[in-house]
Number of protein chains: 2
Amino acid sequence: MNEKVSWILQPTVEDAYNLLKESLSKKRFIIVTGLCKVDYVGRAASKLDWGERVLLIKQDGSLLIHRAKGFEAVNWQPPGSIFTIKQEGGLLVIKSYRKEHQETLTISFRDITLLTSLKLVDEAEFEMHLSEDEMYETISSNPDILEPGFRILSQQRRIDAGVADFTGYDNQGRYTIVEVKRRTVDVKAVKQAYKYLSGFKGKGASVRGIIAAPSISSEASRLATLLGIEFKKIDLSKCVAAHKERMKTSLLEQSDKST
Amino acid sequence: MNEKVSWILQPTVEDAYNLLKESLSKKRFIIVTGLCKVDYVGRAASKLDWGERVLLIKQDGSLLIHRAKGFEAVNWQPPGSIFTIKQEGGLLVIKSYRKEHQETLTISFRDITLLTSLKLVDEAEFEMHLSEDEMYETISSNPDILEPGFRILSQQRRIDAGVADFTGYDNQGRYTIVEVKRRTVDVKAVKQAYKYLSGFKGKGASVRGIIAAPSISSEASRLATLLGIEFKKIDLSKCVAAHKERMKTSLLEQSDKST
DNA sequence: CCGTGGATCTCGTGA
DNA sequence: TCACGAGGTCCACGG
């Protein structure tokens, strides 16, 4: 077997079996395309009759079966599943069992178009920007995004609520509580914010309430107006720009330190 | 291009470009493996540096990038995205744009191990049967599935055992305990049921014991007979029908409320 | 180990 | 098109 990639076009069941067996034991990335049927029994049960699909098996035991269309895999197995393969009546039968949920996935190939076995080298780190944390940090270090002249008094992340809060004064000196959400504000979020705000208003203080997010649903908008909560649109691209600026600055600071 | 499958091992950028271009226009299923980097900007933003991955492009514009491990794709684009490809500085650059969310995914290949282009024929229908919860709910609201005239006294889910229980009276007024399993009953399940039943019989009561499931293994069947436990076959399709009926009813009730 | 909430969730369905 | 709920959701995190 070639170190980097092995493949067989239109393999016999036996050839496919052999390459698959070796690839599984060496924990390689396997791609099988061909005519198959699929059965699943576990938390639910499903059946998929003969058709041409693409099967992916990863070194950690993940398994995915993709059809011609659609984002989602039609059948799958999360990491940690255990494989058994066999030749049976001219078919190549692949079973994947996951103990945790007592799930069994059975894939029978009647005809294999292409069997590929790869060694994938990939040490890169996946970086996700504008996660909730980063949006929060960006606003925190650049309150003008919220509203020009806004001064932050305190900040706090309420993990449980999935919301970041700022308290501060707007440019007219009014005490303000801001709830930041990275995603479209729905009715639920407005209710949540109202509940939270009520706690402050109950103390007799005059409080301005703002929900800051990239967008808001029409219904949530109505409710917010009703409850006297303002919606402040946050331009994500502004966040990205500000975030990049911060990154650049921190890099410069780092290089300053190192010299 | 071959009707069913075309592939190039270690293609030049130009060869890859040409096959990819044709495959995209013909809406074929494309698999690219090789060294690439990935950038995403849209609802969020992400960056993934050079590494070897597997790229899938489907005929409906779905796109998936899979790394060596993990069930989930590291980057993706749901159906309906539009592709542009170009050769740029020795790289093959694939861009996928989705208008709906203004999302852009950019994949740059520096080195392609294998490029595959397939025509997948797959007309099969995917059949999903009941999950455990649904089976339980269905029986609960429709005890006749268990046995005509069965009246449920109490019901209980024992999560730990993966079993749902009903107690009640059969149409002859006999006190009955029913254990429901969504999957084929094996010896283990029968033993478990017997153990559970013994607790009731120990109290001196006369109890009828039933295991309800779609099927039973021959060995489990023998054991059940031996232990005086009855097996009641549950027709999953009846469950499905009843379940659909329930769904319809609850929808009607909802619309009644709203009017 | 279980429960909770987020996700570039995706995907259906109904208004 | 939008809002809502389900999913074999998966997954990370807290307890």
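Every chain is numbered from 1, with letters handed out A, B, ... down the list of sequences.
- Between D:dG8 and D:dC4, the distance separating the two P atoms is 22 Å to the nearest Å.
- In terms of position along DNA chain D, the nucleotide closest to B:E100 lies nearer the 5' end than the nucleotide closest to the other residue of the pair A:H101 and B:E100.
- Applying a 4.0 Å cut-off to non-hydrogen atoms, the residues of residues 68-78 of chain A that approach DNA chain C are A:F71, A:E72, listed by residue number.
- Sorted by first then second residue, the salt bridge (Lys or Arg N to Asp or Glu O under 4.0 Å) pairs that include residues 117-128 of chain A, not counting sequence neighbours, are A:D122-B:R53, A:D122-B:R67.
- Nucleotides C:dT8 and C:dT4 have their P atoms positioned 22 Å apart, rounded to a whole Å.
- Comparing C:dA7 with C:dC11, their C1' atoms sit 14 Å apart, to the nearest whole Å.
- Here C:dT8 presents its P atom at 18 Å from NZ of B:K47, a figure rounded to the nearest Å.
- A straight line from CZ of B:F126 to C1' of D:dG8 spans 9 Å, rounded to a whole angstrom.
- Across all their heavy atoms, A:D60 and B:G70 have their closest contact at OD2-N, 2.7 Å.
- Nearer to the 5' terminus of DNA chain D, by closest-nucleotide assignment, is the contact made by A:I216 (compared with the other of A:I216 and A:L105).
- Across the protein-nucleic acid pair, A:Y97 atom OH and D:dG8 atom C1' stand 15 Å apart, rounded to whole Å.
- Nearest nucleotide to the A:R43 side chain, out of D:dT9, C:dC11, D:dC4: D:dT9.
- Residues satisfying the side-chain contact (heavy atoms from CB on, under 4.5 Å) criterion with B:I82, sequence neighbours excluded, are absent altogether.
- One interatomic measurement links the two molecules: CG of B:L63 to P of C:dT8, which rounds to 16 Å at whole-angstrom precision.
- In terms of heavy atoms, A:A73 sits closest to A:L64 at CB-CD2, 4.0 Å.
- B:K86 is linked by a salt bridge (charged side-chain N to carboxylate O under 4.0 Å, His left out) to B:E88, counting only residues two or more places apart in sequence or in another chain.
- In this structure, A:E219 atom CD and D:dA3 atom P are separated by 8 Å, rounded to whole Å.
- Straight-line distance from the CG atom of A:L223 to the P atom of D:dC4: 11 Å, rounded to whole Å.
- The salt bridge (charged side-chain N to carboxylate O under 4.0 Å, His left out) search around B:E52 returns A:K4, not counting sequence neighbours.
- A ring pair (Phe, Tyr, Trp, His ring centres under 6.0 Å) check over residues 47-72 of chain A, counting only residues at least two apart or in different chains, returns the pairs A:F71-B:W76.
- B:H66 places its NE2 atom 14 Å from the P atom of D:dC10, with the value rounded to the nearest Å.
- Candidate nucleotides C:dT8, D:dC4, D:dG8 were compared by shortest atom distance to the side chain of A:V187, and D:dC4 ranks first.
- Across the protein-nucleic acid pair, A:K191 atom NZ and D:dC4 atom C1' stand 12 Å apart, rounded to whole Å.
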